[in-house]
Visitor: 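Structure provided below as structure tokens; questions to follow.
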Amino acid sequence: MNESGFAQRLEREGLVIVDDERFGLMAEEQALLSANLGDGKAKNISLAPGAHVRGARAGAAQEPLLEALLVRYAAWARDLVVRLAPAYAGSLETGRTSFRPRAIDDAPISPRKDDRRLHVDAFASQPTGGRRILRVFCNINPAGEDRIWRVGEPFEDHARRWASKARLPLPGHAALLQAVGITRRRRTPYDALMLQLHDRAKLDPAYQADAPRREIRFPPGCVWIVFTDSTAHAAIAGRYALEQTFYLQLSAMAAPEVSPVRILERLTGKKLVPA
């Protein structure tokens with residue numbers, strides 16, 4: 001598949017398993033494959049650009065090694081995306097890197113944070129303003145266990161379920177959220193609608209029971225790239241995975257018409273992000 005073809009496929013299908021690409025742990029990094037490495041509070045161990053590792057057990061002797069692993073994975077994931085979709089290179093913003101040592105079936109903090117429920121991604125404190133959420137996953141399980149997802153209906157079908165019930169924010173609400181520090185940047189009407197799609201899907205028992213879905217198994221070593229803002233997904237089994245989040249400007253897309261913001265604008269008949 002040529003480079004343009006990969007971007008088209010990824011944008012239209014939402015999730016692509018990348019064959020013949022592997023991220024290998026170094027010998028000394030094998031010691032990090034312990035469920036006890038996390039602090040028991042955060043879902044994942046994570047590293048934001050320019051920050052320090054969060055979510056690891058306080059005083060862990062492995063923290064420098066863990067930070068080096070996350071930095072190395074972030075660079076590898078970016079190189080992979082840019083090689084497969086070179087047009088993304090200038091518009092790809094690196095977000096948080098995470099290590100997920102806990103079993104997915106561990107008790108979630110709340111239904112809204114339960115990633116075993118079908119949902120599309122939207123971040124309450126990190127509005128995207130219409131940028132895409134692109135994530136690169138790798139199953140590094142040492143015991144031969146698959147990571148198992150359920151993937152739901154196409155985004156437009158998913159959005160139609162909730163768009164008529166969603167409400168745009170009142171004037172001044174987004175500015176207030178930013179002023180008091182709840183959001184890191186101004187929340188657009190698009191971000192407000194996406195949060196409602198996320199919450200309504202996760203909190204609707206009938207949808208969770210009956211919505212269309214298919215199961216995908218990612219064996220150890222498998223790498224997959226997914227637009228999690230347009231792919232309804234639920235992680236239902238597995239432990240030990242690496243994940244890298246990127247944000248992509250719509251202007252870099254090969255098919256911007258399939259982006260969530262363009263679909264929601266068409267469904268609502270409203271402009272949802274600033275020009």
Side-chain angles (χ1 to χ4, degrees), residues 7-18 43-44 95 98 100 104-105 108-124 126-128 130-137 139 146-167 190-218 222-238 241 243-248 250 253 255-268 272:
Q8 284 275 358
R9 180 186 172 194
L10 178 61
E11 291 168 20
R12 295 187 182 280
E13 296 183 12
L15 186 155
V16 174
I17 295 174
V18 184
K43 287 194 302 181
N44 308 310
S98 69
R100 306 176 176 206
I104 288 172
D105 57 5
I109 298 170
S110 72
R112 282 186 176 85
K113 295 183 181 294
D114 188 351
D115 290 340
R116 299 172 301 178
R117 301 180 181 217
L118 280 169
H119 65 286
V120 292
D121 278 351
F123 304 145
Q126 182 84 19
T128 70
R131 294 173 301 159
R132 304 300 312 276
I133 301 173
L134 179 63
R135 297 178 128 172
V136 180
F137 290 86
N139 181 2
D146 292 348
R147 198 165 186 87
I148 306 174
W149 278 22
R150 292 184 180 128
V151 173
E153 62 202 342
F155 180 80
E156 183 160 349
D157 295 342
H158 182 78
R160 286 183 184 278
R161 292 177 181 269
W162 319 110
S164 63
K165 304 174 185 177
R167 296 293 178 264
Y190 164 75
D191 295 301
L193 288 181
M194 287 294 288
L195 280 171
Q196 291 176 70
L197 263 62
H198 173 275
D199 291 352
R200 287 179 181 273
K202 278 193 173 181
L203 299 178
D204 189 305
Y207 172 76
Q208 293 299 326
D210 301 329
R213 71 204 60 198
R214 59 191 171 96
E215 185 176 287
I216 303 179
R217 289 178 172 266
F218 306 103
C222 184
V223 174
W224 63 106
I225 304 176
V226 53
F227 279 113
T228 56
D229 55 353
S230 63
T231 303
H233 61 287
I236 61 171
E243 176 272 331
Q244 176 60 51
T245 296
F246 298 103
Y247 301 98
L248 181 71
L250 260 64
M253 290 184 64
E257 68 276 9
V258 303
S259 66
V261 65
R262 295 292 177 252
I263 290 173
L264 285 172
E265 286 180 337
R266 181 158 44 79
L267 292 178
T268 63
L272 299 177

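This structure is a prediction, so every number in the text was calculated from the model and none was measured.
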Visitor: N44 and S98: which non-hydrogen atoms are nearest, and at how many Å?
Guide: CB-CB, 4.1 Å
Visitor: Using every non-hydrogen atom in the two residues, find where V151 and L118 come nearest and quote the distance to one decimal.
Guide: C-CD2, 4.4 Å
Visitor: Mind checking the CZ-NE2 spacing from R213 to H233? Nearest 0.5 Å is all I need.
Guide: 13.5 Å
Visitor: Side chains of F246 and I225, heavy atoms from C-beta outward: is any pair under 4.5 Å?
Guide: no
Visitor: Do R160 and E156 make a side-chain contact, defined as non-hydrogen atoms from C-beta onward lying under 4.5 Å apart?
Guide: yes
Visitor: What is the minimum heavy-atom distance between N139 and W224, and which atoms define it?
Guide: N-CZ3, 3.7 Å
Visitor: Minimum heavy-atom separation for E243 and R135, please, with both atom names.
Guide: OE2-NE, 3.0 Å
Visitor: How about R112: does its CZ atom have over 12 heavy atoms from other parts shown lying under 6.0 Å from it?
Guide: no
Visitor: Using a 4.5 Å cut-off on heavy atoms from C-beta on, say whether the side chain of Q208 contacts that of H119.
Guide: no
Visitor: Which pair of heavy atoms, one from E153 and one from A232, lies closest together, and at what distance?
Guide: O-CB, 4.3 Å
Visitor: Distance check, rounded to the nearest 0.5 Å: T231 atom OG1 versus I133 atom CD1?
Guide: 11.0 Å
Visitor: With the threshold set at 4.0 Å, does a side-chain nitrogen-carboxylate oxygen contact exist between R132 and E11?
Guide: no
Visitor: What I'd like to find out is whether the side chain of R100 reaches to under 4.5 Å of the side chain of R147, using heavy atoms alone.
Guide: yes
Visitor: Treating R262 as the side-chain partner and S259 as the backbone partner, does any N or O pair qualify as donor plus acceptor under 3.5 Å?
Guide: no
Visitor: Between CE of M194 and CH2 of W162, what distance do you get to the nearest 0.5 Å?
Guide: 13.5 Å
Visitor: Do the side chain of D114 and the main chain of R116 share a donor and acceptor less than 3.5 angstrom apart?
Guide: yes
Visitor: Looking at Y190 and P260, what are the two nearest heavy atoms and their distance?
Guide: OH-CB, 3.4 Å
Visitor: Report yes if the side chains of Q244 and L134 come closer than 4.5 Å at any heavy-atom pair, otherwise no.
Guide: no
Visitor: How long is the span from the CG atom in D199 to the CZ atom in R117, to the nearest 0.5 Å?
Guide: 11.5 Å
Visitor: Is there side-chain contact between D115 and W149, with at least one heavy-atom pair below 4.5 Å?
Guide: no
Visitor: Are any non-hydrogen side-chain atoms of V120 and D229 less than 4.5 angstrom apart?
Guide: no
Visitor: Supply the atom-to-atom distance H198 NE2 to D191 CG, rounded to the nearest 0.5 angstrom.
Guide: 13.5 Å
Visitor: Hey, could you give me the CD1/CD1 distance between I104 and I236, rounded to the nearest 0.5 Å?
Guide: 8.0 Å
Visitor: Kindly indicate, with the supporting measurements, whether the criterion side-chain contact (heavy atoms from CB on, under 4.5 Å) is fulfilled by L248 and F227.
Guide: CA-CA 10 Å; L248 181 71; F227 279 113; 4.1 Å; yes
Visitor: Under a 4.5 Å cut-off applied to non-hydrogen side-chain atoms, are I17 and C222 in contact?
Guide: yes
